[in-house]
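Counting starts at 1 for both ligands and their atoms, following the listed order.
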Amino acid sequence: MTHTDTLFGQPTITLRNKEYPLYPGKIHHHWEAAALRKGFDLIVRVQDRYHLALRCHTCGKLHVSKLFVVMNNQPNCPHCLNEKRRETAAAAGLKFLRQSMKNRHYGDFRAPCGHTLKRQFELVERAARTGSGFRCETCHAEREANEARERGWELIGPDPKGNPNYRLYRHAAGCGATRRIARGNMQTGRFDCEVCGQSWAAAPSQVYLMRFIHPNSGTYFKLGYSRDPASRLRYQLGLPTHVHGEILRTVPFQTGRAALCAEKAIHKRLAANFPNAVVAPERFSVSCVSAL
Ligand SMILES: [Zn+2]
Ligand SMILES: [Zn+2]
Ligand SMILES: [Zn+2]
């Protein structure tokens, strides 16, 4: 981790991948005493007359501190701090990568999905304490875009009028018009395009049967209707990777309304004939399936 070397003939010490020239000059006893009281051994003077290399009593590693900090404040061991951040991040379900270059209150973290999140350390600490999770903006944006695509719309961006429940969408599979739509409506798909008049109830749709195989808890079936069942399976359901999902059958209908009626009728018959096979919706929710 550290070694002394020479830089153009001048002795140096490498600390945390940075090379510091050793600074000649006396190490005063009251400096050593102050460092000791604060949990560090004063090793050597480095860089200029204001800097010292300290060894942490907790982790045994070296770092450079300002003389001023040693004498007037509490030096913080960056190795111990990072160790604590790694532990806190793990408790919050994240992997600590590094402190943000621009703001020392923020860090970069790897989310379970693989994306990098920038989060305030304080929020990560709170999440570790309370068990609340973090939403990955990238994954969430992808999910919203796919939700729209399944309905024949393209997600353009946030609501220009600033309503957090609305987004701006383009009717890609229809008239191409851009309009504000509540995200909730986009999720259910039960809304009409006011510009071209294409109605969800009149647009072609399909009833589908899907099968999900969970490695531990068994096999589930899902019956539903969608304009695009493949997209629904692949993107919108947000299945965890260890659950295998497939479409067993689709039946096309001329209109969404006809598909909805057929789906309701089949559900009614299934529930009457196989009451024990019904899975509570909460149990089928993505978070529950992930936790199984
Ligand atoms: Zn330390
Ligand atoms: Zn993500
Ligand atoms: Zn339209």
Quiz item: Any side-chain donor-acceptor pair under 3.5 Å between Glu144 and His140?
Solution: yes
Quiz item: N/O/S of His79 less than 2.8 Å from the Zn ion (ligand 1)?
Solution: no
Practice problem: Tell me whether His57 has at least one N, O or S atom under 2.8 Å from the Zn ion (ligand 1). | Solution: no
Quiz prompt | Angle in degrees, rounded to 10°, that ND1 of His171 and SG of Cys193 form at the Zn ion (ligand 3) | solution = 100°
Quiz item: Which angle, to the nearest 10 degrees, do you find at the Zn ion (ligand 3) between SG in Cys175 and SG in Cys196?
Solution: 110°
Quiz prompt | At the Zn ion (ligand 2): angle between Cys113 atom SG and His115 atom ND1, to 10 degrees | solution = 110°
Quiz item: With the Zn ion (ligand 2) at the center, what angle do SG from Cys136 and SG from Cys139 span, rounded to 10 degrees?
Solution: 120°
Quiz item: Does NZ or CZ of Arg180 come closer than 6.0 Å to the centre of the six-membered ring of Tyr166, within 45° of the ring's axis?
Solution: yes
Quiz item: Quick check: does His140 put an N/O/S atom under 2.8 Å from the Zn ion (ligand 2)?
Solution: no
Quiz item: Within a reach of under 6.0 Å around CZ of Phe134, are more than 12 heavy atoms found that belong to other residues, nucleotides or ligands?
Solution: yes
Quiz prompt | Sidechain N-carboxylate O distance under 4.0 Å for Asp108, Lys118 | solution = yes
Quiz item: Is Glu83 salt-bridged to Arg86, going by a charged N under 4.0 Å from an acidic O?
Solution: yes
Practice problem: Work out the angle at the Zn ion (ligand 1) between SG of Cys59 and SG of Cys56, rounded to 10°. | Solution: 100°
Exercise. Hey, could you give me each pair passing ring pair (Phe, Tyr, Trp, His ring centres under 6.0 Å) that has a residue in residues 185-211? Not counting sequence neighbours.
Key: Trp153-Phe191
